[in-house]
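Everything on this sheet refers to the single structure shown next.
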2 protein chains.
Amino acid sequence: MKITSRFTVAVHTLLVIYYFSGKEKTTSDFIAASVNVNPVVIRRTLLSLKGAGMIEVKAGSGGADIVKDLKEITLYDVYRAVECVDGDLFHFHENPNPSCPVGRSIHSVLDVHLADAQAALENSLRGVTLAQIVQEFEAHRGA
Amino acid sequence: MKITSRFTVAVHTLLVIYYFSGKEKTTSDFIAASVNVNPVVIRRTLLSLKGAGMIEVKAGSGGADIVKDLKEITLYDVYRAVECVDGDLFHFHENPNPSCPVGRSIHSVLDVHLADAQAALENSLRGVTLAQIVQEFEAHRGA
DNA sequence: TTTTATTGTAATGTCAAGCATTACATCTAA
DNA sequence: TTAGATGTAATGCTTGACATTACAATAAAA
């Protein structure tokens with residue numbers, strides 16, 4: 001099991017828009033060439049990012065622009081925008097037997113810990129902004 | 001996307017073995033009745049848990065026993081035993097374009113943060129032992 | 001106003017994973 | 001030797017991810 005690549009594609013997409021904004025028309029074709037996926041995949045990604053209020057897309061004329069401060073976009077925001085995970089991260093088996101003492105209580109006991117683990121993951125993503133990622137890009141290029 | 005229910009099934013399985021050990025013959029059929037899945041699913045789970053050195057299964061005569069201190073089995077150990085996640089949790093798009101500055105560096109920049117998030121999840125699971133879960137069961141039953 | 005490039009979106013196909021289930025060879029204890 | 005289990009292969013179903021084709025709607029430029 002893996003978390004869908006829509007997430008890393010979306011981050012990549014935002015960075016391409018940021019870096020080429022003003023210099024190139026950042027169409028779905030242009031972005032797709034950098035990410036190396038089908039342009040339709042990028043268009044769907046753009047739709048999600050637009051829905052999350054991060055970008056503006058120009059239908060017809062083409063291109064996208066970032067309309068939110070990169071300091072205020074975290075990896076978690078992107079992760080949410082593309083709906084990597086549908087509610088609970090862990091899939092709990094549906095119908096434990098309520099006439100068994102273990103089956104009866106396992107949900108309430110385990111749920112807390114699963115939620116904690118999921119929160120740990122998401123908080124980690126919340127701790128990283130795109131502004132920070134951009135900085136790291138500069139550092140990486142300098143190296 | 002969700003992490004496979006093999007994980008919660010495995011935890012449930014271990015708890016059933018623990019609670020009924022000595023009182024009932026904990027066969028795959030018996031456990032399956034509590035978890036409410038097909039017995040073959042339980043047999044495969046038992047294989048994984050046996051492989052991880054947590055239980056002993058009696059082929060032929062039937063039944064399973066825990067052979068490791070519950071204080072030394074964490075949720076992370078179970079999660080690993082049933083192979084919920086194959087290596088990296090996040091699926092990175094495979095071939096970013098190396099002739100684009102973004103495509104060239106995105107892997108190295110992003111990987112660190114993805115690994116951090118995954119580690120946060122796993123460390124959270126590492127912090128909970130089955131012994132603790134059993135205690136919480138008692139508390140839950142008393143309430 | 002027509003053309004042209006682009007987005008928005010539906011439809012389709014392929015592939016892999018998860019889970020359920022049947023079937024049966026193998027094993028062990030009574 | 002028999003009865004009840006496990007170990008394991010095989011099969012089918014369903015779902016989700018991803019790729020791709022196609023085309024209507026849109027907007028800017030000619």
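Below, read A as the first sequence line, B as the second, and so on, with proteins coming before strands; counting in each chain starts at 1.
Annotation: side chain of Ile133(B) is in contact with side chain of Leu130(B) (closest heavy-atom distance under 4.5 Å). Val102(A) places none of its side-chain heavy atoms less than 4.5 Å from the side chain of Tyr18(B).
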Report all side-chain donor-acceptor pairs from residues 39-57 of chain B shorter than 3.5 Å, counting only partners two or more places apart or in another chain.
residue, atom, partner, partner atom, Å
Arg43(B), NE, Ser28(B), OG, 3.2
Thr45(B), OG1, Val41(B), O, 2.9
Ser48(B), OG, Arg44(B), O, 3.4

Side-chain donor-acceptor distances from residues 65-77 of chain A under 3.5 Å, at least two apart:
residue, atom, partner, partner atom, Å
Asp65(A), OD1, Ser21(A), OG, 3.0
Asp65(A), OD2, Lys58(A), NZ, 2.7
Asp69(A), OD1, Lys71(A), N, 2.8
Thr74(A), OG1, Tyr76(A), N, 3.3
Thr74(A), OG1, Asp77(A), N, 3.1
Thr74(A), OG1, Asp77(A), OD2, 3.1
Tyr76(A), OH, Arg80(A), NH1, 2.9
Asp77(A), OD2, Thr74(A), N, 2.8

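The backbone N or O of Ser5(B) lies less than 3.5 Å from a partner atom in the side chain of Thr8(B), making a donor-acceptor pair.
The interatomic distance linking Asp65(B) (CG) with dT28(C) (P) rounds to 16 Å, in whole Å. For the pair Arg43(B) CZ and dT21(C) P, the computed distance is 13 Å after rounding to whole Å. Separating the CD atom of Glu94(B) from the C1' atom of dA16(C) is a distance of 13 Å, rounded to the nearest angstrom. Rounded to whole Å, the distance from CD1 on Ile31(A) to C1' on dT7(C) is 12 Å. A straight line from NZ of Lys58(A) to P of dT6(C) spans 13 Å, rounded to a whole angstrom.
Applying the 4.0 Å criterion to OP1 and OP2 of dA17(C), one finds that Lys2(B) has every side-chain N and O outside that range. Under 4.0 angstrom from either OP1 or OP2 of dT7(C) there lies no side-chain N or O belonging to Ser61(A).
Mapping Ala59(B) and Ser28(A) onto DNA chain C via the closest heavy atom, the residue that lands nearer the 5' end is Ser28(A).
For the side chain to side chain donor-acceptor pair (under 3.5 Å) condition, the pairs that include at least one residue of residues 114-125 of chain A, sequence neighbours left out, are Tyr79(A)-Glu122(A), Gln118(A)-Glu122(A), Asn123(A)-Arg126(A). Judged as a ring pair (Phe, Tyr, Trp, His ring centres under 6.0 Å), not a single pair has a partner in residues 108-128 of chain A (not counting sequence neighbours). Within the structure, no pair that satisfies the salt bridge (Lys or Arg N to Asp or Glu O under 4.0 Å) test touches residues 22-31 of chain B, not counting sequence neighbours. Evaluation of the side chain to side chain donor-acceptor pair (under 3.5 Å) test over residues 97-107 of chain B, restricted to residues two or more places apart or in two chains, returns His140(A)-Ser105(B), Asn97(B)-Ser99(B), His107(B)-Asp111(B). The ring pair (Phe, Tyr, Trp, His ring centres under 6.0 Å) analysis of residues 26-46 of chain A, with sequence neighbours excluded, yields the pairs Phe20(A)-Phe30(A).
Boundaries of the chain A contact region on DNA chain D are dA17(D) to dA28(D), first to last in 5' to 3' order (nucleotide atom under 4.0 Å from a heavy atom).
Atom NE2 of His12(A) sits about 8.0 Å away from atom CZ of Phe92(B), to the nearest 0.5 Å. From Phe7(A), atom CZ reaches atom CG of Leu110(B) across 6.5 Å, with rounding to the nearest 0.5 Å.
Listed in residue order, the members of residues 75-93 of chain B having a heavy atom less than 4.0 Å from DNA chain D are His91(B). At a non-hydrogen distance threshold of 4.0 Å, Val37(A), Asn38(A), Val40(A), Val41(A) from residues 34-41 of chain A come into contact with DNA chain D. Annotation: proximity of residues 7-25 of chain A to DNA chain C (heavy atom, distance under 4.0 Å) is found for Lys25(A), numbered in ascending order.
Listed by chain and number, the residues in a ring pair (Phe, Tyr, Trp, His ring centres under 6.0 Å) with Phe137(B) are Tyr19(B) (sequence neighbours excluded).
Residue contacts for Arg6(B): at a heavy-atom cut-off of 4.0 Å it reaches the sugar-phosphate backbone alone, with no base atom in range. Within 4.0 Å of Leu47(B), counting heavy atoms only, lie sugar-phosphate atoms of the nucleic acid but no base atom.
Listed here is the closest heavy atom pair of Ala10(B) and Val82(B): CB-CG1, 3.6 Å.
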